[in-house]
*Asks:* 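Structure incoming, see below.
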Amino acid sequence: MKEQLRLLQQLQDIDTQTKEIRKTIEQVPAQLAPAKQDLEKLAGMLTIERQQLADTEAWRAEQEDIVNREEEALKNAKAKLQEAKNARDFGAASREIDNKKRSIHDREQEILKVYEALEIGRAKLASHEEDVAKLRAHVESEEAKFADTLKELEEQAKAVTAGRADVEAGIDKSLLKRYNTVMQRRGTAVVEVRDGVCQGCHMSLAPQLAIQVARGESIQSCRQCNRLLFVPEDPAEESQAS
Ligand SMILES: [Zn+2]
């Protein structure tokens with residue numbers, strides 16, 4: 001029984017360590033998640049910014065086309081003025097010239113403002129692009145680091161579980177089944193009894209059961225939590241078992 005108990009504890013050590021390593025492995029991607037979310041958000045904002053600039057640029061080009069057409073119309077109006085045969089034609093042509101001039105002037109003022117806005121917008125975009133590039137580089141270097149960490153952890157897990165099959169093979173089948181069932185449900189399967197109290201669920205054992213556990217002739221289960229119970233033999237062991 002002592003040998004069985006020793007193997008069970010060994011198995012539990014392996015399984016507990018493996019579980020801890022697995023948990024750490026699962027947490028690794030989560031550590032990068034906030035930075036990745038930031039990057040995604042900023043990259044999305046950049047796309048919008050670029051689109052807005054392109055829209056403004058298109059608007060500016062459109063306005064310049066209109067100005068060109070108006071300049072053309074102005075030229076025609078001036079020609080008409082030259083060819084005016086009477087005061088009525090003259091008046092109409094000169095009104096048209098005034099209107100075109102005003103319209104061209106106003107539109108050119110607008111275009112000038114848009115030029116300024118575009119310049120500011122481009123400078124902002126460039127600085128935001130730089131920020132995003134920096135963040136991306138940071139995330140990528142972190143990812144590389146985490147990949148190394150994951151590799152190390154996987155290797156640790158492999159090393160820890162290397163001897164598991166041998167340990168398992170040495171354990172009595174029915175005992176192994178009890179171990180697996182409790183382990184799955186409780187996270188620990190083999191626990192110490194201290195002062196008649198199960199250290200798994202912290203309930204007192206019935207006196208008869210406590211005596212049986214102390215004798216160590218059979219492996220008993222806690223009536224409350226079903227964990228497999230043992231009483232450590234010497235005090236040195238007591239501190240490391242739980
Ligand atoms: Zn218990």
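Here, residue 1 is the first one in the sequence, and each next residue gets the next number. First listed ligand is number 1; within each ligand, the first listed atom is number 1. Remember, it's a predicted structure, so these values are computed and weren't measured experimentally.
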*Asks:* Mind listing the closest non-hydrogen atom pair of S221 and L229 along with its distance?
*Replies:*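 That would be C-CD1, 3.8 Å.
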*Asks:* At their closest point, which heavy atom of L42 faces which heavy atom of L135, and how far apart are they?
*Replies:*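 The answer is CD1-CD2, 3.7 Å.
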*Asks:* Judged by modelled atom types alone, do D55 and Q51 share a side-chain donor-acceptor pair under 3.5 Å?
*Replies:*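 The answer is yes; a qualifying pair exists.
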*Asks:* Any chance you could measure E155, atom CD, to E152, atom CD, to the nearest 0.5 Å?
*Replies:*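 These two atoms lie 7.5 Å from each other.
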*Asks:* Please round to the nearest 0.5 Å and tell me the distance separating atom CZ of R122 and atom CG of L125.
*Replies:*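 CG of L125 is found 9.5 Å from CZ of R122.
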*Asks:* Strictly under 2.8 Å, how many protein N, O or S atoms lie near the Zn ion (ligand 1)? Waters don't count.
*Replies:*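 For the Zn ion (ligand 1), the figure is 4.
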*Asks:* Salt-bridge test for R6 and E3: reply yes if a basic N is under 4.0 Å from a carboxylate O, no otherwise.
*Replies:*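 E3 and R6: salt-bridged.
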